[in-house]
Amino acid sequence: MPSAEHKRFVFLAALLSLTPIVCLPWAARIFGTELPWALGGWLVLAVAGVVAGGWLVSSHGKPGNGFMGALVGGMLARMVLTVAGMGAAMTAGKPTMWAFAAGAVAGFLPVMVFELIWFYRASRKDAARA
């Protein structure tokens, strides 16, 4: 059963992953027919980030190698999904590749920054308790 902390992280990370949506009209003008590739890149990295971050939160502070496994597993999942998506986009042409890359960055950055801030604050709380 997920903890309240886990649920809070997943909710906030998912909410923040939606922030690039404000750029959708601009992206539609730039990418045109490649917009689905940009949205795919965003979706893949946003979902991977929220899931990996939730896994990290659920394993944070527990004994054993769970946190390191979650960290490495999340990084590998993001890399594999990016490479697979980029490979597929490259077969469709250079504009499609750039659209996927822009979407991937838009899906990665908000969640990663939130994750960094979350764990920085968590480490500060842990240090204050000690």
Side-chain angles (χ1 to χ4, degrees):
M1 177 102 166
S3 69
E5 193 79 357
H6 178 263
K7 290 178 186 176
R8 185 170 173 253
F9 175 89
V10 169
F11 174 76
L12 292 173
L15 191 63
L16 277 169
S17 74
L18 297 174
T19 56
I21 295 296
V22 299
C23 298
L24 194 57
W26 174 73
R29 279 196 317 269
I30 289 178
F31 297 122
T33 58
E34 283 82 26
L35 183 62
W37 284 95
L39 291 173
W42 165 77
L43 181 66
V44 165
L45 270 288
V47 169
V50 171
V51 171
W55 185 14
L56 279 169
V57 168
S58 67
S59 61
H60 185 253
K62 292 182 180 171
N65 295 328
F67 185 79
M68 190 57 70
L71 182 66
V72 172
M75 289 169 43
L76 285 174
R78 288 172 177 155
M79 284 190 282
V80 166
L81 290 169
T82 301
V83 168
M86 188 60 79
M90 287 173 72
T91 63
K94 196 170 186 177
T96 304
M97 177 193 71
W98 286 114
F100 182 86
V105 169
F108 175 77
L109 278 181
V111 178
M112 180 54 67
V113 169
F114 177 66
E115 195 175 302
L116 289 169
I117 292 168
W118 181 278
F119 285 106
Y120 173 76
R121 292 182 72 208
S123 69
R124 302 292 292 167
K125 284 180 197 174
D126 292 344
R129 284 188 212 136

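Values reported hereafter were calculated over all heavy atoms of this structure, with side chains retained and with hydrogens, waters and symmetry mates removed. Computed from a predicted structure; not experimentally measured.
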Cluster link [X] to [Y], ILVMFWY, side chain under 4.5 Å:
| X | Y | value |
| --- | --- | --- |
| V111 | V10 | yes |
| F108 | M79 | no |
| L71 | V80 | no |
| L15 | F9 | yes |
| L45 | L16 | no |

Tell me the closest heavy-atom pair linking [X] and [Y], and the distance in Å.
| X | Y | answer |
| --- | --- | --- |
| V105 | P110 | O-CD, 4.3 Å |
| S17 | W42 | O-NE1, 2.9 Å |
| L35 | A28 | CD2-CB, 3.9 Å |
| A48 | L81 | CB-CD1, 3.8 Å |

All side chain to side chain donor-acceptor pair (under 3.5 Å) counterparts of E115, not counting sequence neighbours: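 E115: side chain to side chain donor-acceptor pair (under 3.5 Å) contacts with R78.
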Can you list, pair by pair, the side-chain donor-acceptor contacts under 3.5 Å of residues 55-70, counting residues two or more places apart and other chains?
from: S58; atom 1: OG; to: G54; atom 2: O; distance (Å): 3.4
from: S58; atom 1: OG; to: W55; atom 2: O; distance (Å): 2.9
from: S59; atom 1: OG; to: W55; atom 2: O; distance (Å): 3.1
from: S59; atom 1: OG; to: L56; atom 2: O; distance (Å): 3.2
from: K62; atom 1: NZ; to: S58; atom 2: O; distance (Å): 2.9

Parallel, tilted or perpendicular, as decided by the 30° and 60° cut-offs, for the rings of F100 and W37: perpendicular
Side chain to side chain contact (heavy atoms under 4.5 Å, CB included) between L24 and L39, worked out: CA-CA 9 Å; L24 194 57; L39 291 173; 3.8 Å; yes
Separation of M86 CE from T96 OG1 (nearest 0.5 Å): 11.0 Å
Point-to-point distance, once rounded to the nearest 0.5 Å, from CE of M112 to CE of M75: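 These two atoms lie 8.0 Å from each other.
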Full working for side chain to side chain contact (heavy atoms under 4.5 Å, CB included) between F11 and V50: CA-CA 9 Å; F11 174 76; V50 171; over 6 Å; no
All side-chain contact (heavy atoms from CB on, under 4.5 Å) counterparts of L12, not counting sequence neighbours: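 side-chain contact (heavy atoms from CB on, under 4.5 Å) list for L12, sorted by chain: R8, F114, W118.
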